[in-house]
Amino acid sequence: MRELGSRAPGFIKSSKTLHMSWQVGVFVVGLAVVGVGVVLLPLPGPGWLIIFGGMAIWATEFVWAQLVLRWTRRKVTEAAQKALDPKVRRRNVILTSVGLAIMAVLAGIYLWKFGFVMPWKIDQ
């Protein structure tokens, strides 16, 4: 694992004022990227991917963002391993099949009773 802390170039770290300005710039750019990601969450677009991109920008300078990204990476890896577990996959396939069968039966009952009529146009 990489060590925690600022990844700013040495000449920037050597001056406190320059380093503080660098951190403010990194924070503002990361905030803008995260803001775009949050806006894209309800809209079509890769909202979460952009949010994690903003977090990665913050992680170049801030320890708290580095820790959050490490935690997120660990959780995503655990979830991926769990999803690839044969027992979990089998259970998911069975549940999906049962759900699709129930939906097909309900759609068949609706079509048998009402035909191809939209629900809001049924007069009963």
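The chain is numbered in sequence order, starting from 1. Remember, predicted model here, so these are calculated numbers, not experimental data.
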Participant: Is it true that atom CH2 of W71 has more than 12 heavy atoms of other residues, nucleotides or ligands lying nearer than 6.0 Å?
Facilitator: no
Participant: Using the test salt bridge (Lys or Arg N to Asp or Glu O under 4.0 Å), find all partners of K87 that sit at least two apart in sequence or belong to another chain.
Facilitator: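 Salt bridge (Lys or Arg N to Asp or Glu O under 4.0 Å) check on K87 returns nothing, list empty.
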Participant: Applying side-chain contact (heavy atoms from CB on, under 4.5 Å) between V36 and each of V38, L40, V34, V33, report the one that passes.
Facilitator: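 Result: among V38, L40, V34, V33, L40 is the only option passing the side-chain contact (heavy atoms from CB on, under 4.5 Å) with V36.
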Participant: Listed by chain and number, what are the side chain to side chain contact (heavy atoms under 4.5 Å, CB included) partners of L111, not counting sequence neighbours?
Facilitator: F116
Participant: According to a hydrophobic-cluster definition based on side-chain heavy atoms being under 4.5 Å apart (Ile, Leu, Val, Met, Phe, Trp, Tyr only), do V76 and L41 belong together?
Facilitator: no
Participant: Are V28 and V26 linked, directly or through intermediate hydrophobic residues, by side-chain heavy-atom contacts shorter than 4.5 Å (ILVMFWY only)?
Facilitator: no
Participant: Same hydrophobic cluster for L43 and W48, using side-chain heavy-atom links shorter than 4.5 Å among ILVMFWY?
Facilitator: yes
Participant: In Å, rounded to the nearest 0.5 Å, how long is the span from CZ of R73 to OG1 of T77?
Facilitator: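 Going from the CZ atom of R73 to the OG1 atom of T77 covers 8.0 Å.
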Participant: To the nearest 0.5 Å, how far apart are CG in D85 and CZ in R91?
Facilitator: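 CZ of R91 is found 9.0 Å from CG of D85.
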Participant: From R70 CZ over to K75 NZ, what is the distance, rounded to the nearest 0.5 angstrom?
Facilitator: 15.5 Å
Participant: Can you give each donor-acceptor pair under 3.5 Å made by side-chain atoms of residues 51-63, sequence neighbours left out, with the distance rounded to 0.1 Å?
Facilitator:
residue: W58; atom: NE1; partner: F27; partner atom: O; Å: 3.0
residue: T60; atom: OG1; partner: I57; partner atom: O; Å: 2.6
residue: E61; atom: OE1; partner: S6; partner atom: OG; Å: 3.1
residue: E61; atom: OE1; partner: W22; partner atom: NE1; Å: 3.0
residue: E61; atom: OE2; partner: S6; partner atom: OG; Å: 2.4
residue: E61; atom: OE2; partner: H19; partner atom: NE2; Å: 2.9

Participant: Measure the spacing between CE of M20 and CG of L18 and express it to the nearest 0.5 Å.
Facilitator: 11.5 Å
Participant: With hydrophobic residues grouped by side-chain heavy-atom distances under 4.5 Å, do W64 and V29 end up in a single group?
Facilitator: yes
